[in-house]
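Single-structure report; data block below.
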Number of protein chains: 2
Amino acid sequence: MRSFVVVGNLATTTPDFSLEDIPGTSGRIDILCRCINSAFVLSHGIRRDVDAYLILRGGGAAKTIHLRGRDLRHLNPDERTTAALLKKALALEAESRWTKSTPGIFVRAGDLADLSIFRGGTTYYLREDGSDHRGLPLARDGTFVLGDHIGLSEADEAILAGLGAEIVSVGPKSLHADHCIVLINNELDRREVPSHPAGGRERRTNGDE
Amino acid sequence: MRSFVVVGNLATTTPDFSLEDIPGTSGRIDILCRCINSAFVLSHGIRRDVDAYLILRGGGAAKTIHLRGRDLRHLNPDERTTAALLKKALALEAESRWTKSTPGIFVRAGDLADLSIFRGGTTYYLREDGSDHRGLPLARDGTFVLGDHIGLSEADEAILAGLGAEIVSVGPKSLHADHCIVLINNELDRREVPSHPAGGRERRTNGDE
């Protein structure tokens with residue numbers, strides 16, 4: 001299970017935005033929608049082995065939306081219908097426990113530090129100056145953390161440093177988070193092919209390789 | 001100058017579609033919008049060394065829209081505003097010569113066979129069963145041809161075969177065209193870095209390597 005965590009620094013935590021102008025009224029939830037597309041959408045289906053966590057900080061208290069590939073339904077590749085799914089999730093009362101929205105989508109109150117996905121796995125932080133991910137061992141069940149156009153705060157980076165996150169990049173040009181996710185997914189896909197030098201073997205997740 | 005050609009088999013050739021329901025009313029122009037995002041959008045700007053050609057076949061006679069990275073303006077990453085740019089272009093009279101729409105966007109009547117971009121360069125056809133692009137020499141100024149969710153017709157494939165197009169793939173999973181474009185761009189970016197084994201050298205475009 002590979003996981004992606006995307007921080008939306010301005011993303012609204014209420015459903016009060018317009019699907020007619022998502023970038024302008026939702027605090028750039030469109031960025032998160034494209035990340036969802038990148039994380040899950042295949043030509044003939046949805047990646048069942050992917051989880052995504054969106055951290056929305058544009059309201060008073062942060063909310064987290066969890067999309068679980070295994071159960072996800074009604075996901076289309078276009079931004080608007082994905083934004084509509086997020087809108088539904090944001091209309092629910094967000095408590096400390098996960099509340100189910102549409103199939104495969106859950107919401108709760110909470111921020112980056114509250115994610116339990118980090119426990120016991122390998123965390124990677126996508127940043128322009130990171131080590132090229134292609135040259136690194138990558139845990140099959142790793143968690144990849146990305147920021148929106150604003151990026152992660154110093155506090156976020158301290159959390160990730162505390163988790164021993166490896167800072168990785170995806171290429172020589174500075175790309176938006178959604179493009180980075182496509183590249184990470186592709187690299188992991190390649191490594192899962194048995195004929196790949198790193199494929200088929202159990203990957204250690206403690207980064208000792 | 002790298003070029004991407006994307007065929008929209010059902011894409012409307014008129015501006016008579018709704019930005020409120022792009023997938024449902026435009027013959028899947030949303031697919032083309034995402035391809036434009038993948039082809040051009042960087043974190044801090046637009047790729048100036050990219051050209052894109054969209055072939056729209058959902059009307060009586062096909063139209064071609066050319067987006068020229070060097071001159072492109074008003075391009076945002078979200079689908080809706082990109083669809084609005086295409087709508088403007090489709091509102092113009094499309095003749096056999098290029099007509100300018102908004103900066104960097106041109107439209108004319110014509111289909112895949114009418115594209116002059118193919119002359120003198122190396123053409124690549126993205127297909128699932130193709131050779132892995134990572135293992136191949138790739139012309140810096142190559143033209144990469146992709147189909148929408150329907151794919152290319154036998155007639156299209158015959159055109160590409162006649163051009164000596166190399167059939168390439170981007171990875172083990174079947175991906176939508178927009179994701180393929182992200183992967184191609186990244187591979188070409190990497191090869192342009194001087195320290196890359198293939199970087200910095202002039203690439204032959206006749207495929208003799």
Side-chain angles (χ1 to χ4, degrees), chain A residues 18-24 26 28-31 33-34 37-45 47 49 76-83 128 132-134 147-149 151 169-196 199, chain B residues 18-24 26 28-31 33-34 37-45 47 49 76-83 128 132-134 147-149 151 169-196 199:
Chain A
S18 168
L19 295 178
E20 268 76 77
D21 178 14
I22 300 165
S26 72
R28 303 308 308 279
I29 269 184
D30 61 296
I31 293 174
C33 294
R34 288 191 292 278
N37 174 314
S38 295
F40 289 106
V41 173
L42 293 169
S43 201
H44 309 297
R47 291 179 180 271
D49 61 345
N76 292 319
D78 70 293
E79 278 168 32
R80 188 188 167 109
T81 59
T82 299
E128 285 180 48
D132 185 4
H133 75 296
R134 280 204 199 177
D148 62 5
H149 58 312
S169 72
V170 288
K173 292 214 193 293
S174 182
L175 304 176
H176 284 154
D178 58 329
H179 291 184
C180 295
I181 292 171
V182 170
L183 294 164
I184 294 286
N185 261 338
N186 180 254
E187 184 62 25
L188 291 172
D189 291 346
R190 288 165 171 274
R191 294 184 191 205
E192 283 180 357
V193 171
S195 57
H196 188 283
Chain B
S18 168
L19 295 178
E20 266 76 79
D21 178 16
I22 300 165
S26 71
R28 303 307 308 280
I29 268 184
D30 61 297
I31 293 173
C33 295
R34 289 190 293 278
N37 173 316
S38 295
F40 290 107
V41 173
L42 293 169
S43 201
H44 308 299
R47 291 178 181 272
D49 59 348
N76 291 320
D78 69 297
E79 276 168 34
R80 189 190 166 105
T81 59
T82 300
E128 285 181 46
D132 185 5
H133 75 296
R134 280 203 199 178
D148 61 6
H149 57 313
S169 71
V170 288
K173 292 212 192 292
S174 182
L175 303 175
H176 284 154
D178 59 329
H179 291 184
C180 296
I181 291 172
V182 171
L183 294 164
I184 293 287
N185 262 337
N186 181 255
E187 185 61 28
L188 291 172
D189 292 345
R190 288 165 170 274
R191 295 185 190 203
E192 284 182 357
V193 171
S195 57
H196 188 283

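Each chain gets a letter, A, B and so on, in the order the sequences are listed, and its residues count up from 1. Every value quoted in this text rests on a predicted model; they were computed, and no experiment measured them. Keep in mind that the numbers below use all heavy atoms, side chains included, and drop hydrogens, waters and symmetry copies.
Using a distance-only test at 3.5 Å, with no hydrogens or angles considered, a donor-acceptor pair links the side chain of D148(B) to the main chain of G151(B). Side chain of N37(A) to main chain of D78(A): no donor-acceptor pair is present (N/O by atom type, distance under 3.5 Å, no hydrogens or angles).
Only the side chain of D132(A) comes within less than 4.5 Å of a heavy atom of chain B; its backbone N, CA, C and O stay farther away. Proximity to chain B is limited to the side chain of P23(A), based on heavy atoms less than 4.5 angstrom apart. Residue L183(B) touches chain A through both its backbone and its side chain, counting heavy-atom pairs closer than 4.5 Å. Heavy-atom distances place no part of H149(B) under 4.5 Å from chain A, backbone and side chain included.
Going from atom NZ of K173(A) over to atom CZ of R190(B) covers 12.5 Å, rounded to the nearest 0.5 Å. For the atom pair CG of N76(B) and OG1 of T81(B), the computed distance is 4.0 Å after rounding to the nearest 0.5 Å.
Of all the listed residues (R28(A), E187(A), R34(A)), the one sharing the greatest number of non-hydrogen pairs under 4.5 Å with chain B is R34(A). With chain B as the partner, the residue from D178(A), L175(A), D30(A) showing the most heavy-atom pairs under 4.5 Å is L175(A). Heavy-atom pairs under 4.5 Å with chain A peak, among G171(B), C33(B), P77(B), at P77(B).
Every residue two or more places apart in sequence or in another chain was checked for a salt bridge (charged side-chain N to carboxylate O under 4.0 Å, His left out) with E128(A), and none qualifies.
For the pair E79(B) and R80(A), the minimum side-chain heavy-atom distance is 4.5 Å or more.
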